Amino acid sequence: MKPVRTRFAPSPTGFLHVGNVRAALFPWLVARQAGGTFILRVEDTDQAREVAGAVEYMRDTLMWLGIDWDEGPDKPGNFGPYTQSERKAIYLEWAQRLVESGAAYADIRTPAELDALRADARANKKPFLAREYRPENPPTWQPGMPLRFKSTPKVYQWNDAIMGTLSAGEEAVDDFILVKSDGLPTYNFAHIIDDNAMEITHVIRGLEYISSMPKYLNLYEALGFDQPIFAHAPHIMAPDGKKKLSKRDGAKSILQYRDEGFLPEAMLNFLASLGWNDGTEQEIFTRDELVSKFDLGRVQKSGAVFDERRLLWLNGSWIRSLDDAT
């Protein structure tokens, strides 16, 4: 068995809200339970959307909750750098390998040309698949040109530690951009390169990524990488239970709760119980109890409803327990 290594890899595009932090908490619990390593990696390749000070804000959020990391931008390890914009040479090296193996091609078509191809697909009443519109004579790729993965359509079946056995047909596999014209990789490419290089054993993230899994598996095979354990946690739903929680539904910054007087113990307890329970009636969990009892197999497959009243109740319970302890 490989030593457990998990990661939280946020983009510095704003504050961390409830959904973001639960995506950090679950892999942290898995790592701590196994005596493994938890990594903080900053995925800053979408630099047009980067918000100044966001990285420091994210660190402050995690530190307030006690979600500590073993390796990261401020904690050098053997697998750095831990900020993607500093790993550009690594991505370009792997991009070149894919080009040389025939698994990637330069795609210099303009957005207008690609829009025309999408319109053609609509006119023919079929979904747009980039692999059906590959350029006949693409130029020799070099940095500064968009690079697109040349997929190999096939049927996939895989296991998800939360969602169970899943499958998808070859229609779910398509060509996609690996490296943008600015020389920086897309998320779809960079996270796979980094997870392999950093020896990540468990990729735990939100359900929004599960539809891309067939494409990711196709790329894993093209790169010759072993697959980690995958786990996709269902969405946190708005209070009405009908849609994914958004800022307008109350998804405010976690540090705003701190400023309003909430205890980190209560917030951690609340986040862990959004979609998970240990099979008992217990509702109050210490940090150590969460670490010892957490199990990905007990994360529910349906969305967890955000209930701020329950957070208020948990906070009151924690305040009273700490008062009693003193």
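Each residue takes its place number in the sequence, starting with 1. Note that the coordinates shown come from a computational prediction; the quantities given were computed from them, not determined experimentally.
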Here's one to test your reading of the geometry: is the NZ or CZ of [X] within 45 degrees of the ring axis of [Y] and under 6.0 Å from its centre?
X: R131; Y: F176; answer: no
X: K252; Y: Y257; answer: yes
X: R118; Y: F128; answer: yes

Do you know which two heavy atoms are closest between [X] and [Y], and how far apart they sit?
X: L296; Y: A231; value: CD1-CB, 4.1 Å
X: P228; Y: V203; value: CG-CG2, 3.6 Å
X: V305; Y: G241; value: CG2-CA, 4.0 Å
X: L178; Y: A104; value: CD1-CB, 4.0 Å
X: P138; Y: A106; value: CB-O, 3.3 Å
X: A190; Y: Q84; value: CB-NE2, 3.5 Å

With no hydrogens and no angle check, is any side-chain donor or acceptor of [X] less than 3.5 Å from a backbone partner on [Y]?
X: W141; Y: M145; answer: yes
X: D44; Y: S85; answer: yes
X: S11; Y: T13; answer: no
X: N269; Y: F285; answer: yes
X: Q300; Y: G303; answer: yes
X: D107; Y: R109; answer: yes
X: E43; Y: T45; answer: no
X: N218; Y: T152; answer: yes
X: H235; Y: M237; answer: no
X: T286; Y: E289; answer: yes

Straight-line distance of [X] [atom1] to [Y] [atom2], nearest 0.5 Å:
X: N20; Y: I254; atom1: CG; atom2: CD1; answer: 8.5 Å
X: L65; Y: L25; atom1: CG; atom2: CG; answer: 8.0 Å
X: Q33; Y: D295; atom1: CD; atom2: CG; answer: 7.0 Å
X: Y209; Y: N188; atom1: OH; atom2: CG; answer: 9.0 Å
X: R205; Y: R22; atom1: CZ; atom2: CZ; answer: 14.5 Å
X: E281; Y: N277; atom1: CD; atom2: CG; answer: 8.5 Å

State plainly whether one hydrophobic cluster holds both [X] and [Y], where clusters connect Ile, Leu, Val, Met, Phe, Trp and Tyr through side-chain heavy atoms under 4.5 angstrom apart.
X: L274; Y: L62; value: yes
X: L311; Y: W64; value: yes
X: V42; Y: V51; value: no
X: F38; Y: I229; value: no
X: V179; Y: I177; value: no

Salt bridge (charged side-chain N to carboxylate O under 4.0 Å, His left out) evaluation trace for D174 with K215: CA-CA 6 Å; D174 195 16; K215 292 189 287 188; over 6 Å; no

If you count heavy atoms of other groups shown closer than 6.0 angstrom to CG of L114, is the number above 12? yes

For atom CG of D226, is the number of surrounding heavy atoms from other residues, nucleotides or ligands below 6.0 Å larger than 12? no

Test side chain to side chain contact (heavy atoms under 4.5 Å, CB included) on H232 and F230; report intermediate values, then the result. CA-CA 7 Å; H232 290 82; F230 296 106; 4.2 Å; yes

In terms of ring plane angle, is the pair Y216 and Y187 parallel, tilted or perpendicular, where the classes change at 30° and 60°? perpendicular

Could you tell me whether K242 and D240 make a salt bridge, using a distance below 4.0 angstrom between a side-chain N and a carboxylate O? no

Inspect the contact between D175 and K150 and indicate whether a charged nitrogen and a carboxylate oxygen are less than 4.0 angstrom apart. no

Side chain to side chain contact (heavy atoms under 4.5 Å, CB included) for R134 and S151? Distances and angles first, verdict last. CA-CA 11 Å; R134 290 171 183 161; S151 63; 3.7 Å; yes

Are any non-hydrogen side-chain atoms of [X] and [Y] less than 4.5 angstrom apart?
X: P3; Y: T201; answer: no
X: I39; Y: T6; answer: no
X: V18; Y: L271; answer: yes
X: L16; Y: Y57; answer: no
X: L207; Y: M163; answer: yes
X: R49; Y: P12; answer: no

For D68 and W28, what are the C-alpha separation, side-chain angles and deciding distance, and is it a side-chain hydrogen bond (donor to acceptor under 3.5 Å, both in side chains)? CA-CA 8 Å; D68 56 332; W28 180 81; 2.8 Å; yes

Passes side-chain hydrogen bond (donor to acceptor under 3.5 Å, both in side chains), D194 versus Y82? Steps please. CA-CA 9 Å; D194 289 343; Y82 296 91; over 6 Å; no

Just do the side chain to side chain contact (heavy atoms under 4.5 Å, CB included) check on L92 and Q96 with the steps written out, would you? CA-CA 6 Å; L92 294 181; Q96 187 60 46; over 6 Å; no

Going through the checks in order, is the salt bridge (charged side-chain N to carboxylate O under 4.0 Å, His left out) test met by D278 and R298? CA-CA 7 Å; D278 68 342; R298 293 203 60 84; over 6 Å; no

Option from R41, R5, R7, R32 for which salt bridge (Lys or Arg N to Asp or Glu O under 4.0 Å) with D70 holds: R32

ring-ring contact (aromatic ring centres under 6.0 Å, His included) partner of F270, chosen from W318, F306, W313, W276: F306

Under the side chain to side chain contact (heavy atoms under 4.5 Å, CB included) rule, what do T165 and W158 come out as? Steps first, then yes or no, please. CA-CA 6 Å; T165 300; W158 70 97; over 6 Å; no

Using the benzene-type ring in the case of Trp, are the ring centres of F294 and F26 under 6.0 Å apart? yes

